Amino acid sequence: MKGRTIVITSGKGGVGKTTATANIGTGLAMRGHKVVVIDTDIGLRNLDVVMGLENRIVYDLVNVIEGVCKVNQAMIHDKSGYELYLIPAAQTRDKNSIDPEQLRDLCAKLEEDYDYVLMDCPAGIEQGFKNAISAAQEAIIVTTPEVSAIRDADRVIGLLEAAEMQRPKLIINRINPDMVKRGDMMDQRDVVSLLAVEVLGLVPADERTITAANKGVPVVHDKKAPSGAAFLRIAARVDGDEVPLMEIESKSGLMAKFKGLIGINGSAYSHA
């Protein structure tokens, strides 16, 4: 069976996209799959740090594309022992070092031997984004329940649909239940209503995520971390399991207020 290539993207930087890539990839590997995660953020790599593999880099994605090394020489086996591998981004090159066709060819080859190929996409909508989405069959958008992040996510969803990416799915990251209950943060229903895409998972705000990233150990390995449990549920959904979403109740609907702030009001600003 041929593997699946999934791009993990966001409009805005800093919403947890790289953390999501590391944890979903690890979660899928923990389920017995062969997984490759690729950092396509050339010039600003971080996936290696989140996975604790920065000291083991010899070759990178651009080296593979340019034929300096074979793909298996650039792949770093995750230290957890699962069938999880990282292809790091080049640190001293720019996003024009590769083109969409080259990345498509690489992912197609990887799909022959691996169950999942996950690409950590650069934030924004420029060349790095175009490269990554061209090589994927599926997309996961990561956002936080903040005005700027949701507006940028809406823009990315529109671009994905224009590129004929079928049914992108959404992860809402760093949800603070107390803020939701006070009405100071949108709940998942508000975000879903604004973006009109299927929710793949909800991840609570969790200090353990930061601690894990600083240690270079994906938080799914922390059995006490609520965020780790959330990412494991997301990995299960990616893998086809039917897992119920976590419910976070909001006492105050901020829908109308945020619609006005973001500028999403039906046909005036829509990705449909």
Side-chain angles (χ1 to χ4, degrees), residues 4 6-12 14-25 27-28 31 116 118-121 123 133 136-161 165-181 183-206 209 219-220 225-255 258-259 262 264 266 269-272:
R4 294 162 59 187
I6 304 172
V7 62
I8 300 177
T9 185
S10 68
K12 184 178 184 294
V15 297
K17 172 178 49 58
T18 297
T19 298
T21 304
N23 281 285
I24 295 170
L28 289 167
R31 292 172 65 84
Y116 290 95
L118 304 184
M119 288 186 292
D120 182 15
C121 180
I133 68 168
Q137 302 97 32
E138 305 170 51
I140 296 171
I141 302 110
V142 181
T143 189
T144 53
E146 301 166 2
V147 175
S148 58
I150 291 170
R151 181 169 57 186
D152 288 351
D154 186 70
R155 173 66 171 149
V156 165
I157 292 165
L159 292 171
L160 290 170
E161 292 179 347
M165 185 76 71
Q166 298 299 315
R167 298 183 63 196
K169 296 181 181 178
L170 183 71
I171 293 174
I172 307 174
N173 195 24
R174 299 184 193 141
I175 301 172
N176 186 315
D178 293 334
M179 291 181 70
V180 171
K181 288 177 182 178
D184 294 331
M185 176 180 281
M186 284 182 284
D187 69 12
Q188 63 264 32
R189 285 174 292 277
D190 288 344
V191 176
V192 171
S193 181
L194 288 167
L195 297 178
V197 291
E198 179 183 347
V199 175
L200 182 64
L202 308 169
V203 182
D206 183 4
T209 308
V219 74
V220 289
S227 56
F231 280 120
L232 286 174
R233 289 195 295 272
I234 290 168
R237 291 188 197 102
V238 170
D239 205 24
D241 287 3
E242 293 186 9
V243 182
L245 287 171
M246 172 178 57
E247 284 292 324
I248 299 176
E249 296 295 330
S250 172
K251 294 181 180 178
S252 174
L254 300 179
M255 187 69 173
F258 277 97
K259 267 191 175 182
I262 298 171
I264 302 175
Y269 190 95
S270 175
H271 53 73

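The figures that follow rest on heavy atoms only: side chains count, while hydrogens, waters and symmetry mates do not. Since this is a predicted model, take the numbers as computed values, not measurements.
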Novice: Donor-acceptor pair, distance only, cut-off 3.5 Å: does the side chain of Arg237 make one with the backbone of Leu200?
Specialist: yes
Novice: Using the side-chain contact (heavy atoms from CB on, under 4.5 Å) rule, take Val203 and Ile172 through it: C-alpha gap first, then chi angles, then the decisive distance, then the call.
Specialist: CA-CA 6 Å; Val203 182; Ile172 307 174; over 6 Å; no
Novice: Can you tell me how far the CG atom of Leu118 sits from the CG atom of Asn23, to the nearest 0.5 Å?
Specialist: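 Interatomic distance, Leu118 CG to Asn23 CG, rounded to 0.5 Å: 11.5 Å.
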Novice: The test is side-chain contact (heavy atoms from CB on, under 4.5 Å); show your working for Ile150 and Met186 and say whether it passes.
Specialist: CA-CA 11 Å; Ile150 291 170; Met186 284 182 284; 2.9 Å; yes
Novice: Could you report the tightest heavy-atom contact between Val219 and Ser227, atom names first, then the distance?
Specialist: CG2-OG, 3.6 Å
Novice: Using side-chain contact (heavy atoms from CB on, under 4.5 Å), reason through Thr209 and Asp206 one step at a time and then give a plain yes or no.
Specialist: CA-CA 6 Å; Thr209 308; Asp206 183 4; 3.7 Å; yes
Novice: Which heavy atom in Ile133 sits nearest to a heavy atom in Met165, and how many Å separate them?
Specialist: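 Heavy atoms only, the tightest pair is O-CE, 3.4 Å.
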Novice: Measure from the side-chain N and O atoms of Asp239 to the backbone N and O of Arg31, and report whether any donor-acceptor pair falls under 3.5 Å.
Specialist: no
Novice: With a 3.5 Å cut-off and no angle check, do the side chains of Thr144 and Asn173 form a donor-acceptor pair?
Specialist: no
Novice: Using modelled atom types only, decide if a donor and an acceptor are shared between the side chain of Arg4 and the backbone of Val238 within a distance under 3.5 Å.
Specialist: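 Yes, Arg4 side chain to Val238 backbone: donor-acceptor pair under 3.5 Å.
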Novice: Starting from the C-alpha separation in whole Å, work towards a yes-or-no answer on side-chain contact (heavy atoms from CB on, under 4.5 Å) for Ile141 and Leu160.
Specialist: CA-CA 10 Å; Ile141 302 110; Leu160 290 170; 3.7 Å; yes
Novice: Between atom CD1 of Ile6 and atom CE of Met119, what is the distance when rounded to the nearest 0.5 Å?
Specialist: 9.5 Å
Novice: Does the Asp187 side chain pair with the main chain of Asp190, one donor and one acceptor, at a distance under 3.5 Å?
Specialist: yes
Novice: So which atom in Ala235 and which in Leu28 form the shortest heavy-atom distance, rounded to 0.1 Å?
Specialist: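 The pair with the smallest heavy-atom distance is O-CD2, 3.5 Å.
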Novice: What are the two closest heavy atoms between Leu195 and Ala153, and how far apart are they?
Specialist: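 Smallest interatomic distance, heavy atoms only, reads CD1-CB, 4.1 Å.
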Novice: Side chains of Val191 and Leu170: closer than 4.5 Å at any heavy-atom pair?
Specialist: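 A side-chain contact under 4.5 Å exists here.
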Novice: If you look at every heavy atom in Pro145 and Arg174, which pair is closest and at what distance?
Specialist: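 Here Pro145 and Arg174 meet closest at CD-O, 4.1 Å.
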Novice: Do you know which of Val156, Thr143, Val15 makes side-chain contact (heavy atoms from CB on, under 4.5 Å) with Ser10?
Specialist: Val15
Novice: Please name the pair of heavy atoms, one in Pro168 and one in Ile157, separated by the smallest distance, quoted to 0.1 Å.
Specialist: CG-CG2, 4.5 Å
Novice: Is Asp241 reaching over with its side chain to a backbone N or O of Val243, donor-acceptor style, under 3.5 angstrom?
Specialist: no
Novice: Would you find a donor on one side and an acceptor on the other, under 3.5 Å apart, between the side chain of Thr21 and the backbone of Lys17?
Specialist: yes
Novice: How many angstroms lie between atom CD1 of Ile140 and atom OG1 of Thr9, to the nearest 0.5 angstrom?
Specialist: 10.5 Å
Novice: Donor-acceptor pair, Lys169 side chain versus Val197 backbone, under 3.5 Å?
Specialist: no
Novice: Could you grab the distance from atom CD1 of Ile8 to atom CG of Asp120, nearest 0.5 Å is fine?
Specialist: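 Between Ile8 CD1 and Asp120 CG, I get 7.0 Å after rounding to 0.5 Å.
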Novice: Quick one: CE on Met185 to CD on Glu146, what's the gap to the nearest 0.5 Å?
Specialist: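 If we round to the nearest 0.5 Å, Met185:CE and Glu146:CD are 6.5 Å apart.
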